[in-house]
Amino acid sequence: MPRFAANLSMLYREVDFLERFAAAAADGFQGVEYLFPYAHAPAQLAAQLQAHGLAQVLFNAPPGQWDAGERGLACIAGREDEFRAGIEQALHYAQQLNCPRIHVMAGIVPGCIDGAHATYVANLRLAAALAAPLDVTLMIEPINGRDMPGYFLQRQAQAHALLAEIGAANVQVQMDLYHCQIGEGDLAMKLRQYLPGGRVGHLQIAGVPGRHEPDVGEIHYPYLFALLDELGYAGWVGCEYLPAGATSAGLDWLRRQAQSVM
């Protein structure tokens with residue numbers, strides 16, 4: 001059975017953020033992820049992790065001006081100093097939270113795709129060099145163009161080609177099956193294609209098309225979970241979905257999954 005991590009930016013929104021750690025642990029989660037930790041001091045977050053026996057498995061590097069529509073700085077020429085400062089801040093949090101992965105958002109393409117590509121590769125090489133001595137892996141995630149129009153990185157093949165070009169062992173792909181289904185489909189074959197290579201370091205799930213619980217919509221996740229076991233995937237699966245109602249009430253899919261392997 002895959003290891004599931006609760007995404008605390010999306011799950012348990014019926015309580016304040018710092019209360020979500022306890023709620024996730026009470027529902028049986030052993031790991032958590034979220035978008036951004038920077039509104040809270042690292043010590044506050046570390047205390048919640050320790051109190052509830054949770055592993056911090058992932059969070060995002062600073063994305064620029066999120067409320068203004070920015071979705072990462074990695075491909076934005078002229079913002080390199082800000083990008084580096086954000087990576088350094090994220091690495092500080094990762095050390096304090098014992099978090100082995102940071103998702104580096106690519107950004108919205110600012111017109112010239114050629115310039116964006118070169119900037120992206122250079123920034124990721126720099127970030128990987130900063131992260132390597134700390135044993136932190138950087139994640140790059142294809143995000144579908146319907147939810148995030150103009151996003152630089154949208155397809156799995158593009159992500160894996162970028163890994164080869166960046167040439168850093170501590171850069172891996174974050175494969176979100178929700179985004180992949182919307183942008184490309186053929187999920188089982190893509191899992192079979194990419195997981196054996198060892199360059200997919202994190203998975204995420206949600207129902208399609210509504211991004212609600214994974215037992216609602218067009219993806220048959222029990223088949224894919226069995227496939228992950230067949231392929232020997234030992235990483236985390238982040239539950240990055242928007243509950244249709246109360247979070248705990250919508251976790252029947254997780255309880256059924258646990259019962260299926262008992």
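What you are looking at is a predicted structure, and each value in this text was computed from that prediction instead of being measured.
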S.K.: Kindly indicate, with the supporting measurements, whether the criterion salt bridge (charged side-chain N to carboxylate O under 4.0 Å, His left out) is fulfilled by R79 and E70.
M.R.: CA-CA 12 Å; R79 305 278 294 276; E70 292 187 333; 2.9 Å; yes

S.K.: Distance from L254 atom CG to D27 atom CG, nearest 0.5 Å?
M.R.: 8.0 Å

S.K.: May I ask you to check whether H40 and F17 place their ring centres under 6.0 Å from each other?
M.R.: yes

S.K.: Taking NZ, NE, NH1 and NH2 as the nitrogens, is one of them in R101 or E33 under 4.0 Å from a carboxylate oxygen of the other?
M.R.: no

S.K.: One thing to verify: whether E230 and R192 come together as a salt bridge, which I'm taking to mean a side-chain N less than 4.0 angstrom from a carboxylate O.
M.R.: yes

S.K.: Under 6.0 Å from the CD atom of Q30, do we count more than 12 heavy atoms belonging to anything else shown?
M.R.: no

S.K.: Answer with yes or no whether the side chains of E165 and H117 bring together a donor and an acceptor at under 3.5 Å.
M.R.: yes

S.K.: Is the shortest heavy-atom distance from the side chain of Q204 to the side chain of M175 under 4.5 Å?
M.R.: no

S.K.: Assess whether a salt bridge exists between D81 and R84, defined as any Lys/Arg side-chain N lying under 4.0 Å from an Asp/Glu carboxylate O.
M.R.: no

S.K.: Do L138 and L73 land in one hydrophobic cluster if side-chain heavy atoms of ILVMFWY residues count as linked below 4.5 Å?
M.R.: yes

S.K.: Can R20 and E14 be counted as an ion pair, charged N to O under 4.0 angstrom?
M.R.: no

S.K.: Going from CD on E213 to CD1 on I205, what distance comes out if it is rounded to the nearest 0.5 angstrom?
M.R.: 10.5 Å

S.K.: Given F36, which of F59, W66, Y93 fulfils the ring pair (Phe, Tyr, Trp, His ring centres under 6.0 Å) condition?
M.R.: W66

S.K.: For A74, does its backbone N or O pair with a side-chain atom of N123 as donor and acceptor, under 3.5 Å?
M.R.: yes

S.K.: Just checking, any donor-acceptor pair under 3.5 angstrom between side chains of N170 and T137?
M.R.: no

S.K.: Side chains of F152 and I108: does their closest heavy-atom pair fall under 4.5 Å?
M.R.: no

S.K.: Answer yes if the side chains of Y151 and N144 hold a donor-acceptor pair under 3.5 Å, and no otherwise.
M.R.: no

S.K.: Might you confirm whether atom CD of Q65 has over 12 heavy atoms from other residues, nucleotides or ligands at distances under 6.0 Å?
M.R.: no

S.K.: My understanding is that only one of F29, Y221, Y241, W253 makes a ring pair (Phe, Tyr, Trp, His ring centres under 6.0 Å) with F4; could you say which?
M.R.: W253

